[in-house]
Amino acid sequence: MMRYFAVCLGHVSEGQAERWIRGFGVPAGAEVCTFREPGADAHVAVTFAVPGGTALELPPIRPECAGVAARAAAGHAAGRCGRAVCFRGSGALSGTMTAGAVVASTAIDRVAVLGAGAVPPGGLVGPLDGARPVWRDGRLTLLVVPAGGDTFAPHDEAAIRS
């Protein structure tokens, strides 16, 4: 059984939050997501899903971010939201792979074209280096855009904002 935690330290971008995650030392078996709440004064929370019994010592949540952290942890636990940074198989995502291989070798449940349907299992997806799937409807989903022919490129709204 997974346990869910969140921390919000006042990061204002997913890039800032990811740099903090890389320096944190993520426990084995953990899934880590970023969560950006919409709004002019938005902060980015970091959520952790860790196996039961895994020790996790997080810094205190900044008081002005407590609501964001609570909503982020609840959304991650429900599979409604979160941009996955660390997840099973994330380290193996590089270069170009078929959509079927992405699903078979990682925690990603589906590869879907932004605003459309699923990518066929034989569809090529890449470059996958740094790909960030998102939680949608209880499924970890890698959103992609057409890149010509039967090839698709990962889509990351956070990268566009940076």
Side-chain angles (χ1 to χ4, degrees), residues 1-22 24 26-39 42-52 54 56 58 61 65-94 97-121 123 125-145 152-162:
M1 174 181 241
M2 299 295 268
R3 297 179 309 142
Y4 295 84
F5 302 93
V7 65
C8 187
L9 304 173
H11 299 123
V12 295
S13 73
E14 285 85 353
Q16 275 185 332
E18 284 194 35
R19 284 187 292 282
W20 180 82
I21 291 166
R22 282 193 296 274
F24 177 72
V26 175
E31 177 182 279
V32 184
C33 294
T34 59
F35 172 85
R36 180 180 180 77
E37 191 161 68
H43 294 285
V44 178
V46 177
T47 59
F48 293 81
V50 297
T54 301
L56 186 64
L58 295 172
I61 296 170
C65 301
V68 174
R71 287 185 292 278
H76 187 176
R80 288 190 322 262
C81 59
R83 178 178 165 272
V85 176
C86 301
F87 53 93
R88 181 182 54 78
S90 60
L93 286 178
S94 68
M97 298 170 67
T98 65
V102 168
V103 170
S105 63
T106 70
I108 295 171
D109 297 307
R110 66 180 167 190
V111 179
V113 178
L114 186 66
V119 173
V125 182
L128 287 164
D129 309 85
R132 300 290 184 250
V134 294
W135 280 102
R136 295 285 185 268
D137 303 319
R139 299 173 76 186
L140 192 56
T141 303
L142 180 61
L143 296 173
V144 297
V145 293
F152 302 87
H155 174 79
D156 186 355
E157 196 65 40
I160 293 169
R161 281 193 300 268
S162 297

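Source: prediction; values computed, not measured.
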- Item | Side chain Arg110, main chain Val103, donor-acceptor under 3.5 Å | no
- Are any side-chain N or O atoms of Asp109 and backbone N or O atoms of Leu140, one a donor and one an acceptor, separated by less than 3.5 Å? yes
- Task: Tell me, please, which residues at least two apart from Arg71 pass side-chain contact (heavy atoms from CB on, under 4.5 Å).
- Result: Glu37, Val68
- Message: Tell me the closest heavy-atom pair linking Gly29 and Pro51, and the distance in Å.
- Response: O-CD, 3.6 Å
- What pairs with Asp129 under side-chain contact (heavy atoms from CB on, under 4.5 Å), at least two apart in sequence or on another chain? Ser94, Pro127
- Might you point out which heavy atoms bring Cys8 and His43 nearest each other, and give the distance in Å? SG-CB, 3.7 Å
- Message: For a side-chain contact (heavy atoms from CB on, under 4.5 Å) check, start with the C-alpha distance between Trp20 and Val7, then their side-chain angles and the critical distance, and finish with the verdict.
- Response: CA-CA 11 Å; Trp20 180 82; Val7 65; 3.9 Å; yes
- With sequence neighbours left out, what residues match His76 under side chain to side chain donor-acceptor pair (under 3.5 Å)? Glu31, Thr47
- Message: Before you tell me yes or no, could you show the steps for Val85 and Val26 under side-chain contact (heavy atoms from CB on, under 4.5 Å), namely the whole-Å CA-CA distance, both residues' side-chain angles and the distance that decides it to 0.1 Å?
- Response: CA-CA 11 Å; Val85 176; Val26 175; over 6 Å; no
- Task: Determine the minimum heavy-atom distance between Cys81 and Phe35, stating which atoms define it.
- Result: SG-CE1, 3.4 Å
- Pair Val111-Phe152, side-chain contact (heavy atoms from CB on, under 4.5 Å): steps then yes or no: CA-CA 10 Å; Val111 179; Phe152 302 87; 6.0 Å; no
- Message: Between Arg36 and Arg83 (side chain of the first, backbone of the second, donor and acceptor by atom type, cut-off under 3.5 Å), is there such a pair?
- Response: no
- Looking at Ala73 and Ala6, what are the two nearest heavy atoms and their distance? CB-CB, 3.8 Å
- Task: Kindly indicate whether the side chain of Val119, heavy atoms from C-beta on, has any atom under 4.5 Å from the side chain of Leu142.
- Result: no
- Message: Return the CZ to CD1 distance between Arg139 and Ile108, rounded to the nearest 0.5 Å.
- Response: 12.0 Å
- Hey, is the main chain of Ala101 close enough, under 3.5 Å, to the side chain of Ser105 for a donor-acceptor pair? yes
- Heavy-atom pair of closest approach, residues Pro154 and Val144: CA-CG1, 4.0 Å
- Task: Please assess Phe87 against Leu93 for the test side-chain contact (heavy atoms from CB on, under 4.5 Å), listing each intermediate value before the final yes or no.
- Result: CA-CA 11 Å; Phe87 53 93; Leu93 286 178; 3.8 Å; yes
- Note on the structure: Distance col, row Leu56:CG vs Tyr4:OH, nearest 0.5 angstrom, shows 13.5 Å
- Any idea which heavy atoms bring Gly10 and Cys65 closest together, and the distance? N-SG, 3.9 Å
- Do Val46 and Leu58 come close enough that some side-chain heavy atom pair is under 4.5 Å? no
- Note on the structure: Here the gap from Leu114 atom CG to Thr141 atom OG1, rounded to the nearest 0.5 Å, amounts to 11.5 Å
- Query: Salt bridge or not for Glu14 and Arg132, using N-O below 4.0 Å?
  - Reply: no
